[in-house]
There are 2 protein chains.
Amino acid sequence: MVTSITSDAVRERCAHCPGRSHSICNVIDDDELPILVAESARVQVAKGRAFIEEGTPAHEFYVLTEGRVKLFNLLPDGRRQIAGFAECGDFLGLAAVDSYAFSAEAICDVTLCRFSHSGIDRLTQRFPHLEHRLRDEASRELTIMQRRLVLLGRKTARERLATFLIEQSLPPCCAAPDLLEKEEKPIKIKLLMSRTDIADYLGMTIETVSRTLGVFKKEKLITVQGVTAVTLLAPHRLRAIAEGNG
Amino acid sequence: MVTSITSDAVRERCAHCPGRSHSICNVIDDDELPILVAESARVQVAKGRAFIEEGTPAHEFYVLTEGRVKLFNLLPDGRRQIAGFAECGDFLGLAAVDSYAFSAEAICDVTLCRFSHSGIDRLTQRFPHLEHRLRDEASRELTIMQRRLVLLGRKTARERLATFLIEQSLPPCCAAPDLLEKEEKPIKIKLLMSRTDIADYLGMTIETVSRTLGVFKKEKLITVQGVTAVTLLAPHRLRAIAEGNG
DNA sequence: CGTATTGTTGACTACCGTCAAGCCCAGTGG
DNA sequence: CCACTGGGCTTGACGGTAGTCAACAATACG
């Protein structure tokens, strides 16, 4: 399950954001990659397996190099809140001081790059830029969280789902949801998750998710192809709904 | 309004957490404090004034040295979600990449220590520890955010308010709400905010806050002295409710 | 002491959650 | 090839939680 990582595996870059990489390696020169490689291990996790459990002591830190992961918290009676989905290049374990603040589960087969905290410390000493990089990443996470608080605390089901659809239509690394503002052609998106996951992400029930999609369909805001494909017919209207003017 | 900061002003420490300081200065030796002072400015903000506005370009960074601040987001129609309250020693501006992700308003008269981003960069170059400190702070923020997502996404009004009361009964810097677990004497707390703020913090309405407090009173879980003082009669039961077993 | 603001309480309503039945589709085996 | 099965999704009926609107009480403030 754990083998030495190849240089390539830590050099993932985000195709959607030219010039910007989410991986840890963009602060490390190519000829120093072996140092990075020496501090990390490659980990593979099978679809559906949880590999981080909320509350357990946090000694490690991950970079996702392949696949998708969901991060969530549970209440004792099973209620679940999904905090977010991690993609290729994302960091896992920033929200951990002594113990992990979340659980993580592989949505599909997943490859990770694992670093011990002490390994990260050695790397940050060697590459001071890395520390800045990690703070930067944490800041970006925090801004995303802020918007999620508004969504969960103050938006209606309709607004939540509209927000979700718009969010899904943007490239994964665009924190600001107003990039494609003027783009008004229909946008086809793939929902990479089940209704249950959508519901737990938006703080709703699967029934309400389903019903609200139904309403959007009736209002000709979207069309649905099968279960996972959705076309946004009127992105501008959805965006308005998402922001509370619906 | 802006004067040069005194050394004392940046040396706030958290009385509740011996050995731990939330201020920026605990990574800087006393004899190097002048360097810190040179990079910062003292700012005073009057009660009720907003001094950071969501979406404006973020060029600065603050440490709160006196008073209390609320951080929030607004929807266009006025719905408000309070993300949190900052206390003495807290950092403001971590959740900002290019522009601020939140607005900030002084709850009472407030004193801040202001750093330009470029000033912070100079400081982090001089004191590499500071960068780690900032990341650490961002991580702590993130873990707090995780719990807030569960609260807003999955908890009932009753559970939210119980969580809030327990939270208020803990020293401000205790991220883990299970420290005083065994402490079962009544706990007297001061609510340092209006019902409106509580409601906007918990994603509810003031009426529901008021009613739910009424229910807690009837169930002899709390007593209320005036409007701002509450005594938790059965902290363990409240804690159970807060976690979803109530 | 009167006015304004903030908090409480009540009646009503609506949104969304719960429960239950039925549908769709993929995978399996006859 | 088709029936069968099971899981995920949709739809409907119903009810409860919490929001809205409004009146009143309490507290703060000049």
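Chain letters run A, B, ... following the sequence lines, proteins first and then strands; every chain starts at 1. For the numbers below, each heavy atom of this structure counts, side chains included, while hydrogens, waters and symmetry mates do not.
The closest donor-acceptor contact from the side chain of A:T231 to the backbone of A:I187 lies at 3.5 Å or more, if one exists at all.
In 5' to 3' order, the nucleotides of DNA chain D bounding all contacts with chain A (an atom under 4.0 Å from a heavy atom) are D:dC9 to D:dA13.
A perpendicular orientation is assigned to the rings of A:Y201 and A:F164, their planes being inclined by more than 60° (bins at 30° and 60°). Ring-plane geometry between B:F51 and B:Y62 is classed as perpendicular, the angle between the planes exceeding 60 degrees on a 0 to 90 degree scale with a lower cut at 30.
Atom CG of B:L238 is separated from atom NE2 of B:H236 by 9.0 Å, given to the nearest 0.5 angstrom. For the atom pair CZ of B:R237 and CD1 of B:I222, the computed distance is 12.0 Å after rounding to the nearest 0.5 Å. Rounding to the nearest 0.5 Å places CZ of A:R68 at 6.5 Å from CZ of A:F85. The distance from atom CG of B:L92 to atom CD1 of B:I52, rounded to the nearest 0.5 Å, is 5.5 Å.
Stem regions for DNA chain D, each three or more consecutive Watson-Crick or G-U pairs with both distances under 3.5 Å and listed by first number, read C:1-30 with D:1-30.
For the pairing with B:D200, the salt bridge (Lys or Arg N to Asp or Glu O under 4.0 Å) check across B:K70, B:R80, B:R195 returns one residue only, B:R80.
In this model, a donor atom of one side chain and an acceptor atom of the other lie less than 3.5 Å apart for B:N73 and B:E54.
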What does the list of N/O pairs under 3.5 Å between the protein and nucleotides 5-8 of chain C look like, with a distance for each?
{"from": "C:dG7", "atom 1": "OP1", "to": "B:R195", "atom 2": "N", "distance (Å)": "3.0"}
{"from": "C:dT8", "atom 1": "OP1", "to": "B:R195", "atom 2": "NH2", "distance (Å)": "3.2"}
{"from": "C:dT8", "atom 1": "OP2", "to": "B:R195", "atom 2": "NE", "distance (Å)": "2.7"}
{"from": "C:dT8", "atom 1": "OP2", "to": "B:S210", "atom 2": "OG", "distance (Å)": "2.8"}
{"from": "C:dT8", "atom 1": "O5'", "to": "B:S210", "atom 2": "OG", "distance (Å)": "3.0"}

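Looking at B:Q225 and B:K190, their side chains never come closer than 4.5 Å, going by heavy atoms from C-beta outward.
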